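The structure under discussion appears below in the form of structure tokens.
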Amino acid sequence: MSGIPGNARAERRARLARAMADEGIDVLVVAGNPWRCDYLRFAADITPVEGHAFAFIERGRPARIIVEHPAEARRLRAEQTDLDVRWSLSAIEETEIAIRELGKRRIALAPLAAVPYRLAMGPLVASIAPATALLDRLMLRKSPSEIEAFRRAAVLADEGYAVFRQAARVGRPEYVLVAEVEAFLRSRGCPENFQILGSGGREVRGMHPPTERRLAPGDLVTTELTPCVDGYYAQLCRTLVLGEPSKTQERAFAVYNEALEAGIAAVRPGAKAREVARAQNEVFRDHGLGDYVTSEYTRVRGHGLGLYVDGRPAVLEDADLNLEPDMTLVVHPNTYHPEVGYFVHGDSVRVIPDGCEVLTRTPRRLFSVPLV
Amino acid sequence: MRRGLISWSRDEVPPLVLEGRVARLQERMRDAELGVVLLYTSFARPSAVAWLTHFVPYWNEALLAVFPTGAPVLLAAFSKRVHDWIRSVSHLGEVRSAPDLGQATVAFLKERPPQPSRIGVLELDALPWPVAEPIMKSEYGRAVVDATDLFAAIRQPADEVEIRLARRAATIAVQAFKAIPTGPKRASELLSVLERSARLDGAEEVLPRLAPDLRADATLRRLDGDALLGERYAVELSVAYKATWVRITRCVSTQAAPPSWRGAADRFVEAVEHLSEANLSLEPQVAGSARPGKNAAWTLETCRGGPPLSIVATGEAPSPSELPGGSLACFSLQLDLDDGPWLGGEPIILGSRGQPSRLLI
């Protein structure tokens with residue numbers, strides 16, 4: 001049961017069909033799997049739960065789908081009755097045959113991240129990069145219905161964080177916090193959430209999936225919470241402290257908050273992603289923390305959001321991509337702090353003509369959770 | 001992407017067991033004259049690497065290199081900061097940073113040239129092109145062979161450790177089914193209860209699929225949004241515990257369970273007992289069972305490579321593949337009863353030649 005309205009699906013297909021026509025592509029073969037299903041969702045609005053899936057997109061025709069499991073085939077047929085779905089234990093081989101049967105039509109294969117070796121070794125290898133770029137362009141700027149889904153995901157991120165704060169209590173293992181958030185998100189019809197966390201003090205260097213570690217007084221508890229609505233992810237990053245924050249923790253928070261505000265202020269059409277990264281990193285440098293914005297301690301200063309949880313652009317000081325209206329991203333100066341440990345702070349934003357709209361609304365505070 | 005508990009208990013999965021599995025692979029490698037086997041892992045294909053090392057990627061991807069001797073090396077496209085976590089949940093010789101996995105693999109092979117030179121790759125056809133391309137275009141490309149069958153040959157039957165993990169996963173699923181409240185009206189309410197129960201019990205992952213109104217449609221769906229529940233519905237829970245997956249399917253009635261379901265459950269057990277390594281088909285005996293209903297669909301799945309579960313046999317394809325007795329598998333059956341469809345699914349231990357299969361729990 002896909003939540004995306006039929007008109008939104010049709011709108012995405014129309015954009016794709018126009019782009020295919022412009023590029024002279026008759027058939028676009030889109031590969032995916034449960035790890036990289038973003039391009040499949042865009043092109044055919046299907047989400048594989050298990051195994052490989054391939055969609056044959058032709059202008060003016062319903063998509064043809066090949067999957068690996070009969071239950072997946074039945075599910076996709078039930079979700080979209082106009083799809084032509086078949087399954088094969090050798091879905092990659094079946095797709096190779098189906099491509100061959102297309103004859104001399106102009107065929108392209110995408111995306112780079114999900115095309116399997118066997119298909120890439122065929123005659124379509126040269127088409128992978130340009131076809132992936134075509135899809136990337138279409139997926140970067142969101143349509144009004146995509147923005148609406150992103151907006152709803154941001155609301156769920158805020159609500160999910162309220163549940164997380166409520167669940168974060170001394171003595172509880174990390175995985176219980178995530179269980180409570182997941183149960184809440186399911187109760188709101190949300191099938192997917194990417195969430196990692198960390199807990200402890202200076203020894204904590206990053207986030208990870210939840211462990212059995214029990215929360216202790218004075219812990220900083222970080223999380224990156226990323227619910228998905230109709231396929232679109234929005235992300236919220238916040239840090240809380242169990243008990244009253246120390247002066248050092250408050251001072252650290254002030255740096256991250258300043259960096260987040262600086263990053264968000266840099267988001268506007270025409271700015272490059274690197275300017276958003278630099279704005280955040282300069283704050284750390286000004287506070288004598290420049291070492292901690294290197295790859296030794298952190299990954300990115302934010303990233304694109306949409307149908308993939310970690311999309312383009314990667315907000316880094318060497319990222320060239322120009323920001324355009326209706327791009328969606330998370331700005332997060334998450335990194336290690338030498339006095340308090342790993343610290344996260346980030347919001348989801350949409351680029352608008354005169355800057356950006358911040359869609360997550362959780363207050364930018366160092367939250368304090370009572371010890372009893 | 002995984003967001004449940006990922007941890008390694010040395011009591012549940014002793015290092016010696018993991019080393020024994022690696023040793024079995026290394027023995028086959030020596031027989032096949034392979035200097036290294038490369039195994040790709042991601043959220044979608046985590047199981048081969050997890051079986052050898054207990055490492056499960058919660059996102060991103062990695063490649064495990066197993067040489068004929070010594071401990072496996074993980075080339076991980078994760079941030080270096082995560083390496084300590086990777087080491088805490090897995091049994092590895094070395095973890096290397098490999099942001100560009102394909103290029104890093106080539107560089108690694110240059111540093112540790114395989115002896116003999118042949119390179120096995122698990123599920124070569126499925127290897128993502130950005131990983132495969134640098135390897136295949138390098139000086140090592142000509143030495144690459146597919147190692148899927150070689151790995152599958154050692155993967156099953158399941159050892160006692162894996163069976164215990166599967167029992168725990170199945171118990172988590174059963175407890176989740178028991179947590180279903182009386183008369184939930186909406187799918188979101190039901191799935192929330194299932195998800196909460198499974199994750200609080202330590203599930204690494206839980207993937208629910210639901211036929212919300214069994215009388216209208218027996219298709220198990222991934223719910224994105226919500227749906228009203230009918231008087232009868234069916235739930236399939238795929239649960240992972242410490243990288244071991246099971247799949248359990250149950251029908252639920254908000255009224256008293258129809259009498260036909262008891263017969264269906266008996267027919268399910270009869271079908272399980274019919275299966276063995278010598279017979280991976282339900283036809284014709286069970287199709288002609290005296291019990292009520294008609295087989296509408298069935299699958300027998302196991303883990304023998306990267307995917308958590310893949311099909312061994314199904315009523316929808318003619319040729320089952322081979323699976324040794326003692327294998328851990330999941331059997332799913334859909335019956336057409338006079339009063340509507342019925343779905344069931346359970347993990348099983350496949351019977352050896354002449355022995356019936358048995359339910360895991």
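Not measured: the values here are computed from a predicted model. Chain letters run A, B, ... following the sequence lines, proteins first, then strands; residues in each count from 1.
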Ring center gap for A:Y342 and A:Y336 short of 6.0 angstrom:
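No, they do not, as the ring centres are separated by 6.0 Å or more.
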What about the rings of A:Y161 and A:F164, do their centers lie closer together than 6.0 Å?
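Between A:Y161 and A:F164, the centre distance is under 6.0 Å.
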Non-hydrogen side-chain atoms of [X] and [Y] separated by less than 4.5 Å:
{"X": "A:V204", "Y": "A:F343", "value": "no"}
{"X": "B:S188", "Y": "A:R186", "value": "no"}
{"X": "B:Y233", "Y": "B:P184", "value": "yes"}
{"X": "A:V30", "Y": "A:F54", "value": "no"}

Name the region of [X], side chain, backbone, both or neither, that has any atom closer than 4.5 Å to a heavy atom of chain B.
{"X": "A:E50", "answer": "side chain"}
{"X": "A:V125", "answer": "side chain"}
{"X": "A:A78", "answer": "both"}
{"X": "A:A91", "answer": "neither"}
{"X": "A:E180", "answer": "side chain"}
{"X": "A:L112", "answer": "both"}

Check the orientation of B:F331 and B:W298. Use parallel for under 30°, tilted for 30 to 60°, and perpendicular for over 60°.
tilted
What residue in [options] has the most heavy-atom pairs under 4.5 Å with chain B?
{"options": "A:E182, A:R205, A:E296", "value": "A:E182"}
{"options": "A:M121, A:R74, A:E68", "value": "A:R74"}
{"options": "A:P48, A:P173, A:A113, A:P116", "value": "A:P116"}
{"options": "A:I128, A:T47, A:L197", "value": "A:T47"}

With a distance cut-off below 6.0 Å to the six-membered ring centre and an angular limit of 45° from the axis, does B:R247 pair with B:W245 as a cation-pi contact?
no
Cationic tip of A:R36 within the cone over A:Y308's six-membered ring, i.e. under 6.0 Å and within 45° of the normal?
yes
Under 4.5 Å from any heavy atom of chain A - which part of [X]:
{"X": "B:E301", "result": "side chain"}
{"X": "B:L207", "result": "side chain"}
{"X": "B:A203", "result": "neither"}
{"X": "B:R186", "result": "neither"}
{"X": "B:D217", "result": "side chain"}
{"X": "B:P128", "result": "both"}
{"X": "B:T299", "result": "side chain"}

To the nearest 0.5 Å, how far apart are CG in B:L127 and CG in B:L122?
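The CG atom of B:L122 is 9.5 Å from CG of B:L127, to the nearest 0.5 Å.
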Highest number of heavy-atom pairs under 4.5 Å with chain A: which of [options]?
{"options": "B:S310, B:G202, B:P208, B:S79", "result": "B:P208"}
{"options": "B:T219, B:L200, B:D84", "result": "B:L200"}
{"options": "B:M136, B:E189, B:E133, B:E236", "result": "B:M136"}
{"options": "B:E123, B:E195, B:Q334, B:R81", "result": "B:R81"}
{"options": "B:I86, B:N60, B:L191", "result": "B:N60"}

Kindly indicate, with the supporting measurements, whether the criterion salt bridge (Lys or Arg N to Asp or Glu O under 4.0 Å) is fulfilled by A:E79 and A:R75.
CA-CA 6 Å; A:E79 284 178 2; A:R75 175 175 72 83; 2.9 Å; yes
Does a donor on one side chain and an acceptor on the other come within less than 3.5 Å for B:E61 and B:Y40?
yes
Judged by atom type as modelled, is there a donor-acceptor pair below 3.5 Å linking the side chain of A:R172 to the main-chain atoms of A:A167?
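Indeed, once roles are kept as given, a pair shorter than 3.5 Å links the two residues.
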